[in-house]
Amino acid sequence: MQNNITLLNLESLTKYLYPESKQFILQILDSTDSTNSFLINLLKNKQISDSTDFIYVVAAELQTKGRGRNGHSWRSGFGESLTFSLSWRFKKYPASQLSSLSLIIGIAIIRVLRHFSIEGVSLKWPNDVLVNRSKIAGVLIELRSGIRNSYQTVIGIGINFNLSENTRNCIDCNVTDLFEVTGKLLDRNLILSALLVEIKKTISHFEMFGFSYFKNEWISYHAFEGKHVCLNMPNNQIVQGIVDGVNDNGAICLLTDSGRKMFDVGEISLRDIN
Ligand code: BTN
């Protein structure tokens, strides 16, 4: 781990976001429990409006209780990652379609990392971002129903930049970070601004065209396409099968002994074939 990090700062972010900076309201915190929880509380307490005119973004150098999917925690030390959340209100969009939102956020992250010449990035259903099978980024989306059938979402993203040994020891899966992958300390302000612009563009297309517009691109990024996997369901049932794409709602399709089946929950892992 290298120590000379550039801290997140509004001046650089605003400069990099130009000319789109006016569409974002940005807040940078030294420390908070979780940027998702922080933003959800602002919305609940009406400290920010849930209008569609602006996108609120909260980024933190340190999360003391960072949250991951399925009750996992998300760990990182001060400045070691890019951890941020943004709000997006969907107007008249069926909640059933929103399960695929997390997949298109994965696409936005991959596009940005590739733009910065980061090689070997792929996705693991539904939205883990991997480099050479080690996790580099994750997405946690939380949903609240709002006024007139609209849905307010809080989209939280964590990307590992430069994890300390101490942090790595607390994480119970294979992880990597951008320093390990590139040998460089990338400017988190630059990457955050590129992500915000790409996420805004990607969600706007998703609202117009739905997930089917992205389906083939998503499959092309999937590290486990055509692989024999185990799917661990929330009820601890394990399903085995060969990955055969995703459907128009972002559910994963598995070729199992009892036919082709779709699943919209669970965690996949490669099956050990002895
Ligand atoms: C996962 O892979 O399990 C999802 C990880 C999501 C982590 C991000 S960091 C910013 C935001 N705030 C949180 O508490 N979690 C998300």
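Just follow the structure's listing: the first ligand is 1, and inside any ligand the first atom is 1. Numbering of residues begins at 1 and proceeds along the displayed sequence.
- For a heavy-atom separation below 4.0 Å, the residues in contact with ligand 1 are Ser34, Thr35, Asn36, Gln63, Gly66, Arg67, Gly68, Arg69, Trp74, Thr83, Phe84, Ser85, Asp128, Lys135, Gly138, Val139, Leu140, Gly156, Ile157, Gly158.
- Around atom CG of Asn235, more than 12 heavy atoms belonging to other residues, nucleotides or ligands sit under 6.0 Å away.
- The backbone N or O of Leu7 sits nowhere less than 3.5 Å from a side-chain atom of Glu61 that would complete a donor-acceptor pair.
- In terms of the ring-ring contact (aromatic ring centres under 6.0 Å, His included) criterion, residue partners of Tyr213 (sequence neighbours excluded) are, by chain and number, His205, Phe209.
- Residues satisfying the side chain to side chain donor-acceptor pair (under 3.5 Å) criterion with Gln23, sequence neighbours excluded, are Lys200.
- For Asp172, the CG atom is loosely surrounded, since the number of other residues' heavy atoms within 6.0 Å does not exceed 12.
- For Asn169, there are no side chain to side chain donor-acceptor pair (under 3.5 Å) partners, not counting sequence neighbours.
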